[in-house]
Asker: 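If you scroll down you'll find the structure; I have some questions about it.
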Amino acid sequence: MTTYEAFYRQSVDQPDAFWAEQAKLIDWQTPPTRMCDNDHPPFTRWFGGGRTNLCHNAVDRHLKDRGQQPALIHVSTETGAEETYTFAQLHEQVQLAAAMLRGLGVGKGDRVLIYMPMIPQAVFAMLACARIGAIHSVVFGGFASVSLASRIEDAAPRLIVSADAGSRGGKVVAYKPLLDEAIYLSAHKPEAVLMVDRRMAPLDPAPGRDWDWDALALRHQGEVVPCEWLDSNDISYTMYTSGTTGQPKGVQRDVGGYAVALAASMKHIMQGEAGGTYFCTSDIGWVVGHSYIVYGPLIAGMATILYEGLPIRPDAGVWWSLVEKFKVSAMFSAPTAVRVLKKHDQALMKKYDLSSLKALYLAGEPLDAPTARWISDALGVPIIDNYWQTETGWPILTIANGVERKASKFGSPGVPMYGWKVKIVHETTGQELTEPNQKGVVMIDLPTPPGFMQTIWRDDARFVKTYWESIPGKTAYSTFDWGIRDADGYYYILGRTDDVINVAGHRLGTREIEESISSHAGVAEVAVVGVADTLKGQVAMAFVVPRHAADVADDAGQFKLEGEIMKAVDSQLGAVARPSRVRFVTALPKTRSGKLLRRAIQAVCEGRDPGDLTTIEDPTALQQIKELLAG
Ligand code: AMP
C-alpha cells in the first residue's frame, strides 16, 4: 500500500504523471494530451486537448451498470416531500430540463442563474447546464434582492431559474418578489425566467418573460438532448463569494479539472463507493453543495441526499433517521450544525441504526475540540475536519483515509492534500516560515491542482491582484487565513486575515453588510465586525453613528433604528447577513488616514487587547465601544 507521504510527494514532484493517473477516474470523449499547463502563471490549466462533460460523468456513464440504482434522494421536512430518482430517471429529468433550456434560447457559454431552494429541479437545472455547456451560477436561496441583483448584473444570465418559495423552520420565504426586485435593480435583464411552482407563494408571472416549469416540460417531453463535449478548459460554472470589497467575486471553474478533482477526492478523501449513499447537509448555493451534494457523489456513482429543512425539526434525530433509512455511508456537514445538535439529547441520535456510516466530514469553519469530541462519542466513526474555500473547489487540508489511514488531531483539519503546495508565510516579508508552530498566512504555490478556480469571472486582473499579489514581489496564492503547522506537519487554522467573517459556516463580507446598513437614511457611518459566538462560530456586530441621535429610540424608548436597520439588511442581503446587534456610538475608531480599525473593534468585542493603537485618530471612540459593551 502506498503511504500518504509517497502519494503526496508524487503529486507535487511529478504532477503530470500523478494527474494523468487520476484523469482515468472519469470518462473522456477525447483524452487529454497535456496534463499541467503552467505557461501563463498564475493561470494553471489542466488536461489540455481533453474533451469531456460533467453531466455525462455524473449521470450518463452510470446508466449501463446502475441505471436502476438511486441517484438523487430528495427529502424535505418542510413540506413532507420525499422522492427518489434512479440514475435512469435523473437522466430523463436532466434531458427534459436541458430541452427546456435550449427551447428558451440557452446555448453553450450562456449563463443561467439558479436561485432555488433545495428541490430536485435545482439539481436538474445545474446538470442540464453542464449537459449543454451553459455556465450555471447558483445563488444561495437565503440571499435577498440586493445580493441577488449584484450577481445578476455580473453574471449577465440569459435565463434565471427559480421557484415560488423556499421554507425554513416552517416559515415560507417567497422568492418571486425578491427575484422581481433584483431584476428591477439590475442593469442586466434576463430574457427569460423559468419558475418552479411549489404552490407555496403567489407567482405573479411577467408576461413574455416568465415560464412555468411544469407547463414547459409538457412541451418538451421525450426530447433527446445529448451531452455537448466540452474542452477541459471550458467554463462549467461561476459562483459568487465574498471578499474584502463589497463587490462579490465570481469564482470561475473549468470542466475537466473539476471533474477529475472531484472523482479523485471522492476516492482518496471521502472513501466513496459506487452504490453507496452520500448525505451532505450543505446547500446547493455554496461550493460544498456544488462539490459534495451534486457533482462529487454522482460522479462517484453514489446516491446523493438533497435535504430541505433544519437538523432539529421535527426533532434532533431527523438526520440520523435518514442515515438509517437510506444506509448513508458518508456524511458531510458543518461544525455549526453539530453545535446545534449538541444542545439536544444524544439519545435522539443513538436510537437509530447508524452502522452504515463510515465517516463524518465537517468543513466551512473551525471545528472546536469539544464539538469534535461530542460528535465523535455519539457516532463512533472518524470525524474528518477538512479545510478549503469556494476558490479551491475541494479540500486543501484534511486526512486522505482512502490512501492511508491516519489519525486526526482534534483542532486541526489535517495535512496538505495531494496537489496542494501549502506553506506558512510571514505576512509582510513573504518569507516561508519553516519552523513548526510559527504563525503566518496560509499560502499556496503554483501550479495549482485541478479543481482550483480558473480566474474571477471576466476579471483576470482582479484574480491576479487579489489572490496572487498580496505580498509585494512574491507570487503565491493567499487563502487569507492565518495558520500554523505543528512538528508532525498538521495545520491549524486561526481565522481570517481580511474582513471576511464566517457566520454558521456562511462566508460573508463585512463590507457588504456595511454597504447595506449605510443605505438607511438614518445612518451616518457604520463598522461591522465578526465576533466570536459559541453556536455560530461568529456573528456580525454593527456599530453605527446615527445621523440624528434622536432617531435611535422611539417615544417608548424602544430601539427603533436598530429594528429598521435589521429589516433593511434582511430585505437587501438576506437574514443570513443580519447583524446580531446594532450598537450606536458618536464616533468610530479610525486611523489618522481615515481607515476603520475593524480589528481593534473586534478585539474589544471579544474582550481581547486591541493591540497597537499608535495610529488611532481618537482613542475615545474605542473607549466608548468598550463602555457600551460593559454596560
Ligand atoms: P467558503 O469559501 O465559504 O467555503 O469559506 C472559506 C473559509 O472558511 C476559509 O477561508 C476559512 O476561513 C473557513 N474554513 C473553511 N473550512 C474550514 C475548516 N475546516 N477549519 C477552519 N476554517 C475553515
Side-chain angles (χ1 to χ4, degrees), residues 138-140 142-143 147 237-244 248-253 265 269 280-293 332-339 359-369 371-372 375 383-399 408-417 420 422 424 439 441-444 451-453 456 466-467 470 477-485 490-510 512 530 532-533 536-538 576-577 602:
V138 183
V139 177
F140 176 53
F143 282 130
S147 309
Y237 70 78
T238 64
M239 115 156 297
Y240 289 86
T241 191
S242 304
T244 311
K249 297 178 287 226
V251 168
Q252 176 184 313
R253 200 148 267 131
S265 73
I269 302 172
C280 172
T281 69
S282 181
D283 188 285
I284 49 150
W286 307 113
V287 71
V288 175
H290 281 56
S291 294
Y292 298 111
I293 295 177
F332 193 134
S333 194
T336 297
V338 179
R339 289 194 291 266
L360 172 67
Y361 297 84
L362 294 173
E365 54 178 318
L367 173 63
D368 54 286
T371 301
I375 191 73
I383 305 301
I384 301 175
D385 187 0
N386 54 117
Y387 161 82
W388 48 298
Q389 308 178 304
T390 307
E391 289 83 345
T392 70
W394 59 284
I396 311 172
L397 299 172
T398 184
I399 302 292
S408 294
K409 288 192 187 187
F410 282 138
S412 161
V415 299
M417 282 300 96
W420 297 106
V422 188
I424 302 278
K439 181 180 168 181
V441 184
V442 180
M443 297 191 87
I444 293 162
F452 180 75
M453 70 192 290
I456 292 177
T466 306
Y467 294 110
S470 63
Y477 171 82
S478 179
T479 62
F480 297 102
D481 280 304
W482 295 110
I484 58 169
R485 181 183 51 238
Y490 283 68
Y491 282 68
Y492 294 78
I493 300 297
L494 308 172
R496 296 282 301 192
T497 65
D498 60 6
D499 294 324
V500 165
I501 62 171
N502 196 316
V503 180
H506 298 162
R507 173 168 161 185
L508 302 166
T510 51
E512 282 165 84
D533 180 83
K536 296 183 171 176
Q538 277 186 311
V576 280
Q602 182 189 40

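This structure is a prediction, so every number in the text was calculated from the model and none was measured. Note that ligands are numbered from 1 as they come in the structure, with each ligand's atoms numbered from 1 the same way. When reading the values below, keep in mind they use all heavy atoms of this one structure, side chains included, and skip hydrogens, waters and symmetry mates.
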Asker: Applying the side-chain contact (heavy atoms from CB on, under 4.5 Å) test to Ile444, which of Tyr467, Trp420, Phe452 qualifies?
Answerer: Trp420
Asker: Could you verify whether a donor N or O on one side chain and an acceptor N or O on the other, from Asp481 and Tyr387, lie under 3.5 Å apart?
Answerer: yes
Asker: Check ligand 1 against the protein and report each N/O to N/O distance under 3.5 Å, formatted as atom name, atom name, distance.
Answerer:
residue, atom, partner, partner atom, Å
ligand 1, 2 (O), Thr390, N, 2.8
ligand 1, 2 (O), Thr390, OG1, 2.6
ligand 1, 2 (O), Arg507, NH1, 2.6
ligand 1, 8 (O), Gly364, O, 3.4
ligand 1, 8 (O), Asn502, ND2, 3.3
ligand 1, 10 (O), Gln389, NE2, 2.9
ligand 1, 10 (O), Asp481, OD2, 2.5
ligand 1, 10 (O), Arg496, NH1, 2.7
ligand 1, 12 (O), Asp481, OD1, 2.7
ligand 1, 12 (O), Asp481, OD2, 3.3
ligand 1, 16 (N), Gly364, N, 3.0
ligand 1, 19 (N), Asp385, OD1, 2.8
ligand 1, 19 (N), Asn386, O, 2.9
ligand 1, 20 (N), Glu365, O, 3.3

Asker: Please check if any side-chain donor atom of Arg507 sits under 3.5 Å from a side-chain acceptor atom of Thr241, or the reverse.
Answerer: yes
Asker: Ring centres of Tyr292 and Trp388 under 6.0 Å apart?
Answerer: yes
Asker: Just by distance, with hydrogens left out, do Ser242 and Glu512 show a side-chain donor and acceptor under 3.5 Å apart?
Answerer: yes
Asker: Mind checking what makes side chain to side chain contact (heavy atoms under 4.5 Å, CB included) contact with Val503, not counting sequence neighbours?
Answerer: Ile501, Leu508, Lys536
